[in-house]
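All of these numbers come straight from a predicted model, not from anything done at the bench. One-based numbering along the sequence shown.
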Amino acid sequence: MQPIVEPLPTAAQTHGYVLDFVRQINARVGLPLDYSVKSLRVVDRVVDGLRRGGGDRARPAETLFGLGAYAGEVLVRRAGGFWVDLSTEQRELFGQPLAVRMPDGRSWNPIGKVVKRFEYGAEESVALLYLQLHGRRRSGGPTHPGGGPVRPPGPPR
């Protein structure tokens, strides 16, 4: 499923996009999205609620993209990753325009993980994605108050 967010944020714009998304969703429903690893369980529960709502999967596409970008920002802040823009070939593989590259060079797809949670259910956990990360920063603390750095993409590994 391609996201229905126009225009799509670039890696350099994702931090600001997520800040706006969190501010808007907190104003509407007051979710505890505090960029903690624990908050990824909240993302799983919200997506489960969207699934129970039924209907066309395109309807919540923007919310799914926002939740996926939020999950990615948690990886950036807590695990030392950074956002990267994907090449056309990588976009086809990931099904998304962005990924989070970890310090070990591996790229992860939190936006796609949120979409999979919506499509397939509990076996696709955003919270468990964090525990599967290789090369995450062990301290788990933020890189700086505004989030992690955005670096240009390197060659995929």
The salt bridge (Lys or Arg N to Asp or Glu O under 4.0 Å) partners of Asp48 (sequence neighbours excluded) come to Arg117

Between [X] and [Y] (side chain of the first, backbone of the second, donor and acceptor by atom type, cut-off under 3.5 Å), is there such a pair?
X: Glu92; Y: Glu89; result: no
X: Tyr70; Y: Tyr35; result: yes
X: Arg41; Y: Ala127; result: no
X: Arg91; Y: Leu86; result: yes
X: Ser39; Y: Val42; result: no

To check you understand the geometry: which heavy-atom pair defines the closest contact between [X] and [Y], and what is its length?
X: Pro110; Y: Gly72; value: CG-CA, 3.4 Å
X: Gly81; Y: Val100; value: CA-CG1, 3.9 Å
X: Val74; Y: Ser36; value: CG1-O, 3.8 Å

Could you tell me which residues satisfy side chain to side chain donor-acceptor pair (under 3.5 Å) with [X], sequence neighbours excluded, listed by chain and number?
X: Arg28; result: none
X: Asn26; result: none
X: Ser125; result: Asp44

From [X] [atom1] over to [Y] [atom2], what is the distance, rounded to the nearest 0.5 angstrom?
X: Glu73; Y: Arg77; atom1: CD; atom2: CZ; answer: 5.0 Å
X: Met102; Y: Ser107; atom1: CE; atom2: OG; answer: 10.0 Å
X: Trp83; Y: Thr14; atom1: CH2; atom2: OG1; answer: 5.5 Å
X: Leu50; Y: Leu64; atom1: CG; atom2: CG; answer: 6.0 Å
X: Leu8; Y: Tyr17; atom1: CG; atom2: OH; answer: 8.5 Å
X: Thr88; Y: Leu93; atom1: OG1; atom2: CG; answer: 12.5 Å

For residues 9-24, the salt bridge (Lys or Arg N to Asp or Glu O under 4.0 Å) pairs (sequence neighbours left out) are Asp20-Arg23

Quiz item: Would Val114 end up clustered with Leu131 when hydrophobic side chains under 4.5 Å apart are linked, directly or stepwise?
Solution: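 Shared cluster, yes.
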
- request: Spell out, yes or no, whether Val29 and Val126 are grouped together once hydrophobic residues are joined by side-chain heavy atoms under 4.5 Å, including indirect joins.
  value: yes

Asn109 meets the side-chain contact (heavy atoms from CB on, under 4.5 Å) criterion, sequence neighbours left out, with Phe94, Gln96, Ile111

Could you check whether Gln132 and Trp108, counting side-chain N and O atoms only, form a donor-acceptor pair closer than 3.5 Å?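 On atom types as modelled, these side chains do not qualify, holding no pair under 3.5 Å.
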
*Kindly determine whether Phe21 and Phe65 satisfy ring pair (Phe, Tyr, Trp, His ring centres under 6.0 Å), including the steps that lead there.*
CA-CA 10 Å; Phe21 174 80; Phe65 185 88; 9.0 Å; no

Margin query: Could you check whether any side-chain heavy atom of Leu40 comes within less than 4.5 Å of a side-chain heavy atom of Leu129, counting everything from C-beta outward?
Written below: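 Contact flag for Leu40/Leu129 side chains = no.
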
Practice task
Could you check Glu124, Glu123, Glu119 and say which one makes a salt bridge (Lys or Arg N to Asp or Glu O under 4.0 Å) with Lys113?
Solution key: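 Considering Glu124, Glu123, Glu119, a salt bridge (Lys or Arg N to Asp or Glu O under 4.0 Å) with Lys113 is found only for Glu124.
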
